[in-house]
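Below is one structure, written out as structure tokens; the observations come after it.
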There are 2 protein chains.
Amino acid sequence: MVSSRQTQSIRLVWEVFDRSDNAFSVVELVQMHKDSMNKTTVYRILDRFEKEGKLHTFLGKNGLKWYAKCNNCSSKQHIDIHPHFQCNECGKVECLSIDVKIPKVAKHHIEQANMLLLGQCDECVV
Amino acid sequence: MVSSRQTQSIRLVWEVFDRSDNAFSVVELVQMHKDSMNKTTVYRILDRFEKEGKLHTFLGKNGLKWYAKCNNCSSKQHIDIHPHFQCNECGKVECLSIDVKIPKVAKHHIEQANMLLLGQCDECVV
DNA sequence: TTATATTTGCAACCAAGTTGCAATAAGTGG
DNA sequence: CCACTTATTGCAACTTGGTTGCAAATATAA
């Protein structure tokens, strides 16, 4: 056996994602677990979940890293595009279940595409 | 009069963009001017060029900020999409002159979209 | 040429993220 | 149920990108 022990910390971090379909920034996750584990641990656990294909990541508008559960995401779908949305008012981030075509570009071999939509979420549109 | 003096530093930073259509990361720009000006100055000048509409910015794959000249970019086109490309091998970044449609999303008011394509540039495709 | 307001340099700071290493605690096997 | 091996964690120190406040320098208008 090479790895993967079921620790308290791992359970706690996973619970957050299990209870909600939201995306969470690393900053939020470190904050919400600050009494039960070290920030290094949070970073390491998130890394691991990503490698295991349980979570996918993307960058929000300030270059902050966000994590979200891979619901209807096969590993293949990580390559095709599902865009993410971030609200300019409240900062909330969502995965959108829309498919966007990856444009073809002459002389370039495109492997991956990231799309971030910015605007106002339903709660912030007045 | 409220601002905008023509200083040596401003000329030097602008020259870089004037001579090339490439995009440059802040890190590169600070590095290439490190003998003639302070990093704070570089940051401030870039900020200014952006506000003046001479440069536009976007985030590369690691959340690093990149600047590029606004060639055929009206201020309107900043809202519509012109995607950016970053090479996974050499790290080079380009503005693509392709138009991508911003998808409509129910219950969301989309103001802006960022699209980053990742892959291999022509020089790195073997 | 001087006065004044914009720019700059500097040093100190902040936040996100990483690293090395010793201490802790899962999960065997006996 | 205990002992042992090795994955996991905590901690402190560090790195990197970026920002701030303030005093010194320097463009420009008069």
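Small disclaimer: the values here were computed from a predicted structure and weren't measured. Both backbone and side-chain heavy atoms feed into the values below; hydrogens, waters and symmetry mates do not. Chain A is the first sequence line, chain B the second, and so forth, proteins listed ahead of strands; every chain is numbered from 1.
Contact annotation for A/S25: no contact, since no heavy-atom pair falls under 4.0 Å across all strands. Backbone-only engagement by B/K65 is indicated by non-hydrogen atom pairs under 4.0 Å involving sugar-phosphate atoms exclusively. Nucleic acid contact class of B/V30 (heavy atoms, under 4.0 Å, all strands): none. Residue A/Q6 is classed as a sugar-phosphate contact, given heavy-atom separations below 4.0 Å to backbone atoms only.
A/M32 and A/V93 fall into different hydrophobic clusters, defined by Ile, Leu, Val, Met, Phe, Trp and Tyr side-chain heavy atoms under 4.5 Å apart, directly or through other members. At a threshold of 4.5 Å between side-chain heavy atoms, the hydrophobic network of Ile, Leu, Val, Met, Phe, Trp and Tyr places A/L64 and B/L64 in two separate groups.
With rounding to whole Å, A/R5 atom CZ is found 9 Å from D/dT6 atom P. Per the geometry, CZ belonging to A/F49 stands 13 Å off C1' belonging to D/dT8, to the nearest Å. Counting to the nearest Å, the P atom of D/dG17 and the CG atom of B/D47 are 17 Å from each other. D/dG18 atom P lies 9 Å from atom CG of B/L59, rounded to whole Å. What separates CD1 of A/I10 from P of C/dT24 is a distance of 19 Å, to the nearest Å. Separating the CZ atom of A/R11 from the C1' atom of D/dT8 is a distance of 13 Å, rounded to the nearest angstrom. Between B/N38 atom CG and C/dA11 atom C1' there is a gap of 10 Å when expressed in whole angstrom units. The OH atom of B/Y43 sits 12 Å away from the P atom of D/dT20 (whole-angstrom rounding).
The nucleotide whose nearest atom lies closest to any side-chain atom of B/T40 is, among C/dG20, D/dT20, D/dG18, D/dT20. Checking D/dG17, D/dT20, C/dA16 against every side-chain atom of A/V27, the shortest atom distance belongs to C/dA16.
Using a distance-only test at 3.5 Å, with no hydrogens or angles considered, a donor-acceptor pair links the side chain of B/Q86 to the main chain of B/G91.
Each of A/V26 and A/R44 has a nearest nucleotide on DNA chain C; the 5'-most of these lies closest to A/V26. Mapping A/M37 and B/G63 onto DNA chain D by nearest heavy atom places A/M37 closer to the 5' end of the strand. Position along DNA chain D of the nearest nucleotide to A/K39 versus A/I45 favours A/I45 as the more 5'-ward residue.
B/M115 and A/P103 get closest at one heavy-atom pair: CE-CD, 3.7 Å.
Ring geometry, A/F58 versus A/H84: the interplanar angle falls under 30°, so the pair is classed parallel (tilted spans 30 to 60°).
Between D/dG10 and A/T41, a contact under 4.0 Å exists linking OP1 or OP2 to a side-chain N or O. Residue B/T7 places at least one side-chain N or O under 4.0 Å from the OP1 or OP2 atom of C/dT8. When the side-chain nitrogen and oxygen atoms of A/R48 are compared with OP1 and OP2 of D/dT8, one or more of them lie within a distance under 4.0 Å.
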